[in-house]
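This report refers to the structure that appears directly beneath it.
By convention in this document, chain letters (A, B, ...) are assigned in the order of the sequence lines, proteins followed by strands, and residues within each chain are numbered from 1.
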There are 2 protein chains.
Amino acid sequence: MDQSNGMLPKKEDRRVRRTKKLLTQALTRLLQEKQISEITVRELTDLADMNRGTFYLYYRDIFDMLEKIEDSMFEALDDIVSLHQNDDVSRQAKPILLDLFRFIEENQEICSVLLSPHGDMNFLHRLNQVVREKCLQLWPNKEEEKDSSFEYHYSFVVYGCVGVFRAWLNGKCQEPAEKMAELADAMIRRGSL
Amino acid sequence: MDQSNGMLPKKEDRRVRRTKKLLTQALTRLLQEKQISEITVRELTDLADMNRGTFYLYYRDIFDMLEKIEDSMFEALDDIVSLHQNDDVSRQAKPILLDLFRFIEENQEICSVLLSPHGDMNFLHRLNQVVREKCLQLWPNKEEEKDSSFEYHYSFVVYGCVGVFRAWLNGKCQEPAEKMAELADAMIRRGSL
DNA sequence: ATGTTATTGAACATCATGTTGACTTTATCA
DNA sequence: TGATAAAGTCAACATGATGTTCAATAACAT
């Protein structure tokens with residue numbers, strides 16, 4: 001999960017990295033306390049201890065900034081998904097789930113904020129779409145299962161897992177990622193009762 | 001799902017009902033297009049065709065307004081949950097699920113918006129808490145199941161159902177509520193694979 | 001050391017906000 | 001129906017955030 005906006009061939013200036021990092025830290029901290037819409041550019045740059053104008057060198061507004069942060073999250077998530085391209089998820093979902101739980105653990109602060117009450121619904125929907133596309137890639141053959149209930153099944157699983165992520169983050173990721181992956185896999189496969 | 005802010009003994013003035021209804025319609029419509037934070041009081045009252053000052057007679061700001069709308073949603077949800085107090089959800093979840101799907105169908109616009117990319121994470125969390133309390137009431141005895149995985153199970157189910165709600169609303173609630181309740185019940189009970 | 005680039009600080013017009021007061025319209029209830 | 005209370009309108013105001021600018025300074029890369 002790098003903070004850069006794209007895959008620039010040349011690495012960014014050290015000052016730019018510093019600026020974006022400070023802004024991201026400040027935003028993460030503010031989002032723990034209030035809605036994104038209540039956050040002003042002024043208080044963000046004050047907290048990051050920099051000039052207000054500097055913010056506008058990189059972001060159009062605070063929503064644009066959050067979106068760019070989410071972009072870098074999805075780049076990292078895409079990498080994880082790519083590693084498990086050949087997994088037969090319908091038999092074994094644990095491996096990819098384990099990597100996901102580990103990723104979340106490594107990025108607790110920002111993940112916690114994105115899924116918090118002050119978080120972003122759009123993030124959930126982008127997540128849902130990513131999984132949807134992956135599922136369609138993995139099971140392009142099963143024509144008989146392509147009834148409408150397909151949409152409901154993956155939505156149920158994706159959002160269900162998000163719920164588990166939330167609960168896990170809420171408890172500061174106490175349980176080991178391995179145990180969580182096993183639990184999630186069991187609920188997907190055998191239900192929750 | 002009434003629009004009143006509380007349990008006022010006296011019914012509100014007709015003008016007040018009209019004003020709040022117009023504002024709610026305008027907000028619902030605007031939330032289909034943009035984030036709540038991008039909505040100004042001016043454009044809201046312009047769309048509702050009323051004076052800007054009138055808004056401030058009832059709401060502190062637009063977030064306050066959304067919160068009050070959500071409050072009335074939860075009142076309606078509480079009523080539904082109360083009707084199923086004696087249900088043994090672990091055996092039969094269909095009845096309460098059916099009522100929930102019907103409620104969503106009857107309030108498509110606002111539900112669709114609340115769960116959309118422009119929706120509200122806080123709404124999900126309030127929903128999660130409501131279900132959590134109900135679950136704790138219903139199974140106060142099963143001590144052996146009160147390990148940490150309890151938190152994960154109901155979170156999985158609640159968020160999973162939200163995902164199904166989302167998908168259903170996305171397709172304009174084509175499938176009958178009965179079928180959806182059955183499907184959701186099956187996924188909760190027997191998993192999604 | 002030098003040229004380049006990022007950051008600063010100040011200034012600016014613009015717009016949304018939240019509140020006020022006098023005025024008009026509408027609802028309620030006797 | 002008509003009196004009275006309440007809701008809504010309109011205009012105005014101070015305040016503060018916004019987004020942009022420009023010259024000056026600081027930090028960087030080589």
Just report the end-to-end axis angle for the helix from C/dA1-D/dT30 to C/dA30-D/dT1, five pairs per end, to 10 degrees.
50°
So which pairs with a foot in residues 38-53 of chain B pass side-chain hydrogen bond (donor to acceptor under 3.5 Å, both in side chains), sequence neighbours left out?
B/Lys34-B/Glu43
Would you please classify the geometry between the A/Phe123 ring and the A/Phe74 ring as parallel, tilted or perpendicular, with 30° and 60° separating the classes?
tilted
Pairs involving residues 159-178 of chain B, ordered by first then second residue, that meet salt bridge (charged side-chain N to carboxylate O under 4.0 Å, His left out) (sequence neighbours left out):
B/Arg102-B/Glu178
Rounding to an integer number of Å, can you tell me how far [X] [atom1] sits from [N] [atom2]?
X: B/Phe63; N: C/dG18; atom1: CZ; atom2: P; result: 10 Å
X: B/Asp46; N: C/dT17; atom1: CG; atom2: P; result: 11 Å
X: A/Phe55; N: D/dT20; atom1: CZ; atom2: P; result: 11 Å

When you check every protein heavy atom under 4.0 Å of nucleotides 7-18 of chain D, what one-letter string (B, S, -) results, 5' to 3'?
SSBB-B----SB
Testing A/Asn86, A/Asp87, A/Asp88 for side chain to side chain donor-acceptor pair (under 3.5 Å) with A/His84, which one passes?
A/Asp87
Partner residues of B/Asp185 under the side-chain hydrogen bond (donor to acceptor under 3.5 Å, both in side chains) criterion, sequence neighbours left out
B/Arg189
Test of understanding: with side-chain contact (heavy atoms from CB on, under 4.5 Å), list the residues that count as partners of A/Arg17, not counting sequence neighbours.
A/Lys11, A/Glu12, A/Arg14
Looking at the rings of B/Phe156 and B/Tyr152, which for Trp means the six-membered one, are their centres under 6.0 Å apart?
no
Would you indicate whether the side-chain heavy atoms of A/Tyr58 and A/Met65 approach each other to under 4.5 Å?
no
